[in-house]
Asks: 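Structure provided below as structure tokens; questions to follow.
All chains are named by letter (A, B, ...) in the order of the sequence lines, taking the proteins before the strands, and each is independently numbered beginning at 1.
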Amino acid sequence: MLQIGFIKANKEKVIEGLKKRNINDFAILDEAIQLDEERKATQTELNTLQAESNQISKEIGMLFKQGKRDEADVLKAKVGAGKERTKALEHKMSELEEKIENLLLQVPNVPHPSVPSGTTEEDNEVHRAWPGALPVLPDDALPHWELASKYNLFSLELGTKIAGAGFPLYRGKGAKLQRALISFFLDENTAVGYEEIQPPHLVNEATARATGQLPDKEGQMYYVTKDDLYLLPTAEVPVTNIYRDEILKPEDLPIKMTAYTPCFRREAGSYGAHVRGLNRVHQFDKVEIVRMEHPDNSYAALDEMVEHVAGILDKLELPYRILRLCGGDIGFTSALTFDFEIYSAAQKRWLEVSSVSNFENFQSNRLKLRFKEDKKTKLAHTLNGSALALARIVAGLLENNQTAEGIKIPKALQPYTGFAVID
RNA sequence: GGAGAGAUGGCAGAGCUGGUUUAAUGCACUGGUCUUGAAAACCAGCGUACGUUAACGCGUACCGGGGGUUCGAAUCCCUCUCUCUCCGCCA
């Protein structure tokens with residue numbers, strides 16, 4: 001959520017940014033600013049009234065102590081008169097505050113100047129192309145879902161039997177590969193200073209609200225009605241919320257955390273082509289990295305995260321490219337996002353495996369994550385990224401590394417799997 | 001799931017027979033005095049949000065959340081949430 005004060009002071013900049021997101025109606029900004037003016041005027045009047053009332057109440061207290069009941073009664077009547085007006089103003093205040101918040105919730109983050117304009121994923125800019133030739137497989141190469149049955153690695157049918165469509169069941173070397181990747185990713189992340197976190201997998205409403213899943217993306221989360229809890233769509237949600245409502249010292253920053261969790265997504269309405277196998281599922285495993293940064297340092301941190309994720313993909317020997325998302329494709333809360341896509345030689349298409357974003361203070365404003373500097377409290381910047389999402393990495397590994405002798409496991413992963421080939 | 005106790009500023013902890021409490025006190029923290037330096041001692045400062053002001057300030061709200069009684073609520077009432085203790089069940 002943007003701050004109303006920021007919008008007021010930087011209206012032109014905000015409008016320029018929102019245009020990149022293909023938004024052309026800015027009436028909402030003016031409305032919010034106007035309501036905020038009204039709010040201020042209301043508060044001034046209310047506070048004056050309250051100050052008077054407080055003053056008189058104090059006098060009544062003193063008169064009572066001196067036993068001057070009659071004089072006290074006179075004052076009592078005087079205060080009583082203003083009460084209705086106070087009530088009305090209080091009511092108006094909370095109404096205005098709610099209206100303003102509802103408007104601000106509809107305004108997405110202002111994209112970073114480097115975000116290219118565009119409307120769809122077609123307009124994303126290739127930030128770093130794969131330098132070598134893309135791997136080419138023989139014509140009889142299999143997609144990962146067929147490799148899975150050939151080597152008995154996972155079963156979508158059994159997952160469907162037990163839970164429903166989109167809940168894969170991994171088994172044998174397929175299950176071991178999952179566990180190996182999770183450990184490998186966590187070790188890579190902790191090696192460069194991310195603290196490992198194991199958060200709850202269910203979150204309450206306040207948590208989902210603070211990271212922006214609510215009220216907007218309600219339909220994307222699984223909801224446990226009986227206990228009023230949500231299954232987490234990404235580890236970003238619980239991990240970021242560790243620092244909800246906190247005021248840090250500058251030296252506490254940066255905060256670097258990593259967490260493995262399963263991720264649950266209803267993916268309502270996303271059916272059709274390209275959803276076969278592990279390409280799009282309701283439950284998948286992901287290792288996430290989250291950072292809280294000083295505003296001056298957040299873009300350097302973003303670059304560092306991008307290089308870190310690239311390094312992991314290098315170790316996995318997967319061909320990948322990095323995209324700078326355009327204004328039309330960038331997330332609601334993000335100021336700048338880089339997507340990582342690996343090339344699946346069997347499907348002959350790119351698969352998104354990581355999304356690394358700087359939210360600047362858009363998220364911390366909701367979170368109320370601040371730090372104190374020069375006696376002022378300021379909002380910190382938050383960033384996060386996948387390092388990495390499992391299902392599609394597995395798809396790419398299986399497909400690209402298939403040979404007549406079986407599926408080769410990259411060297412870096414072998415200490416974790418305990419085997420070098422799936423056959 | 002049952003019974004009881006509780007929730008106060010970074011922490012500990014008073015206040016809880018409603019009215020100079022502007023939330024005491026201690027610890028921690030920050031600045032200063034002293035010291036070669038440090039410790040100790042002493043002095044001062046030390047919450048958040050919003051409004052107002054050129055600024056110093058001033059005002060308002062906040063004692064788990066929400067609502068109520070009252071001229072006035074940390075204090076009384078209602079309600080929700082959470083924590084602790086005991087019992088039950090249990091990986």
Asks: When the ring centroid of A/Phe264 is compared with that of A/His282, is the distance short of 6.0 Å?
Replies: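 No; A/His282 has its ring centre 6.0 Å or more from that of A/Phe264.
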Asks: Indicate, with a heavy-atom threshold strictly under 4.0 Å, whether A/Ile56 touches base, sugar-phosphate, or nothing.
Replies: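 It contacts nothing in the nucleic acid.
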Asks: For B/A61, does either OP1 or OP2 sit under 4.0 Å from a side-chain N or O belonging to A/Asn47?
Replies: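 Checking A/Asn47 against B/A61: no side-chain N or O falls below 4.0 Å of OP1 or OP2.
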Asks: Across the strands shown, which category fits A/Ile247 at heavy-atom distances under 4.0 angstrom: base, sugar-phosphate, nothing?
Replies: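 Sugar-phosphate contact only - A/Ile247 comes under 4.0 Å of backbone atoms but never of a base.
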Asks: Which whole-number value in Å describes the distance from A/Glu52 CD to B/C58 P?
Replies: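 Result: 19 Å.
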Asks: Remember a base hit wins even if backbone is also touched, and classify A/Gln50 as base, sugar-phosphate or nothing at under 4.0 Å, heavy atoms.
Replies: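 Here A/Gln50 touches the backbone only, sparing every base.
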Asks: Could A/Lys286 and A/Tyr260 be counted as a cation-pi pair, given that NZ or CZ must be under 6.0 Å from the ring centre and within 45° of the axis?
Replies: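 The answer is no; the distance or angle limit is not met.
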Asks: Tell me: CG of A/Leu46 to C1' of B/G59, nearest whole Å?
Replies: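 Interatomic distance, CG of A/Leu46 to C1' of B/G59: 11 Å.
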Asks: Taking the six-membered ring for Trp and the single ring otherwise, decide whether the centroids of A/Phe359 and A/His381 are under 6.0 Å apart.
Replies: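 When the ring centroids of A/Phe359 and A/His381 are compared, they turn out to be at least 6.0 Å apart.
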Asks: Is the phosphate of B/C50 approached by A/Arg39 (side-chain N or O, under 4.0 Å from OP1 or OP2)?
Replies: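 For A/Arg39, the contact criterion (side-chain N or O under 4.0 Å from OP1 or OP2 of B/C50) is not met.
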Asks: Take atom P in B/C86 and the same atom in B/G32, then report the distance between them in whole Å.
Replies: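 It comes out at 50 Å once rounded to the nearest Å.
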Asks: Could you run through RNA chain B and flag its stems, i.e. three or more consecutive Watson-Crick or G-U pairs with both distances under 3.5 Å?
Replies: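 The stems are B:1-7 with B:81-87, B:10-12 with B:25-27, B:29-33 with B:41-45, B:47-52 with B:57-62, B:64-68 with B:76-80.
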Asks: Could you tell me whether the phosphate oxygens of B/U48, OP1 or OP2, come under 4.0 Å of any side-chain nitrogen or oxygen in A/Arg370?
Replies: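 No, no such contact exists.
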Asks: Between the side chains of A/Arg392 and A/Glu399, is the shortest nitrogen-to-carboxylate-oxygen separation below 4.0 Å, so that they form an ion pair?
Replies: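 Here A/Glu399 does not pair with A/Arg392 in a salt bridge, since their nearest N and O are not under 4.0 Å apart.
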Asks: When rounded to the nearest Å, what value does the distance between C1' atoms of B/G13 and B/A7 take?
Replies: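 About 13 Å, rounded to a whole number of Å.
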Asks: Locate the shortest heavy-atom distance separating A/Thr417 from A/Lys176; write the atom from each residue and the value.
Replies: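 So the minimum-distance heavy-atom pair works out to O-NZ, 3.1 Å.
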Asks: Touch check for A/Thr377, heavy atoms < 4.0 angstrom, all strands: base, sugar-phosphate only, or nothing?
Replies: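 Contact class for A/Thr377: sugar-phosphate only.
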